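Written out below as structure tokens is the structure these notes cover.
One-based numbering along the sequence shown. All values reported here derive from a predicted model rather than from experimental measurement. Quick note: numbers below take in every heavy atom, side chains included, and nothing from hydrogens, waters or symmetry partners.
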Amino acid sequence: MSSKDEDSALLFAGVAAVVVFSIGSWLSVTLGIDLKTALSVLFNHFIFIIGLGVALYFVHQANGRFIWLLPISIVCYLMCWSPAADFWSNQQIHNLGFGERMDYTWYATGWIQALIALIILVVGYGLILRSDSNQRYR
């Protein structure tokens, strides 16, 4: 015999699964990616939102300087789209019809994504430090 709490938990899990697969299929159709990639992107966004919430909480407790989260948040958000970039790059190569199969175009390789992330971090934190030093001497 099951209790009402167990029935409610099963109902919630079922509704959550339907919502996740609905959003995943919508992403799949809208962005032109397969369902597996869409669910991966959706899961990455879910983890990003949880991580950003935790980071905002701890920064608020520490010093309240939320600007320090901006560059790393941008990089993490861009990394959420990495599975979609991989999928799009493979589709682009196959659609061009090259005789030799290439796995990734330039923007989907790990080194280029790491370089883009590093540039965003260096420029972002450089601008924040420059702004802080300019305000300190005024």
For V123, the side-chain contact (heavy atoms from CB on, under 4.5 Å) test, sequence neighbours excluded, returns I119, L127

Practice item. Group every Ile, Leu, Val, Met, Phe, Trp and Tyr by side-chain heavy-atom contacts under 4.5 Å, then state whether V54 and Y57 land in the same group. Key: yes

Residues passing the ring pair (Phe, Tyr, Trp, His ring centres under 6.0 Å) test with Y125, sequence neighbours excluded, are W68

Those residues at least two apart in sequence (or on a different chain) that pass ring pair (Phe, Tyr, Trp, His ring centres under 6.0 Å) with W26 are none

Check for me, please, whether V15 and L42 land in the same ILVMFWY cluster - side-chain distances under 4.5 Å, paths through other members count.
yes

For S73 and L52 the tightest heavy-atom approach is OG-CD1, 3.3 Å

| For the hydrophobic clusters of this structure (ILVMFWY residues joined by side-chain heavy atoms under 4.5 Å, transitively), does one cluster hold both I67 and L129? | yes

Taken to the nearest 0.5 Å, the spacing of I49 CD1 from C76 SG works out to 12.5 Å

Sorted by chain and number, sequence neighbours left out, side chain to side chain donor-acceptor pair (under 3.5 Å) with H60 holds for none

Residues at least two apart in sequence or cross-chain that pass ring pair (Phe, Tyr, Trp, His ring centres under 6.0 Å) with F48, listed by chain then number, are Y77

Shortest non-hydrogen pair, M79 vs Q113, comes out as CE-O, 3.7 Å

Per side-chain contact (heavy atoms from CB on, under 4.5 Å), L27 is matched among T30, V29, L31 by L31

One should read off an interatomic distance between S82 OG and N44 CG, to the nearest 0.5 angstrom, of 8.0 Å

One should read off an interatomic distance between W81 CH2 and W88 CH2, to the nearest 0.5 angstrom, of 5.5 Å

Would V122 end up clustered with I72 when hydrophobic side chains under 4.5 Å apart are linked, directly or stepwise?
-> no

So salt bridge (charged side-chain N to carboxylate O under 4.0 Å, His left out) across residues 53-62, not counting sequence neighbours, yields none

Scanning both residues in full, the closest heavy-atom pair of P83 with V41 reads CB-CG2, 4.2 Å

Residues at least two apart in sequence or cross-chain that pass side-chain contact (heavy atoms from CB on, under 4.5 Å) with S28, listed by chain then number, are A38

Just list the side-chain donor-acceptor pairs under 3.5 Å for residues 18-25, sequence neighbours left out, or say none.
from : atom 1 : to  : atom 2 : distance (Å)
S22  : OG     : V18 : O      : 2.7
S25  : OG     : F21 : O      : 3.1
S25  : OG     : S22 : O      : 2.9

So the salt bridge (charged side-chain N to carboxylate O under 4.0 Å, His left out) pairs with at least one residue in residues 16-45 (sequence neighbours excluded) are none

The side-chain contact (heavy atoms from CB on, under 4.5 Å) partners of I120 (sequence neighbours excluded) come to I74, V75, L78, I116

Hydrophobic cluster membership, L121 vs I128, 4.5 Å side-chain cutoff
yes

Besides W111, the hydrophobic cluster formed by Ile, Leu, Val, Met, Phe, Trp and Tyr side chains linked at under 4.5 Å, directly or via other members, contains none

Quick note, salt bridge (charged side-chain N to carboxylate O under 4.0 Å, His left out) partners involving residues 45-74, not counting sequence neighbours, are R65-D132

Can you tell me if CZ on F66 sees more than 12 non-hydrogen neighbours from other groups inside 6.0 Å?
yes

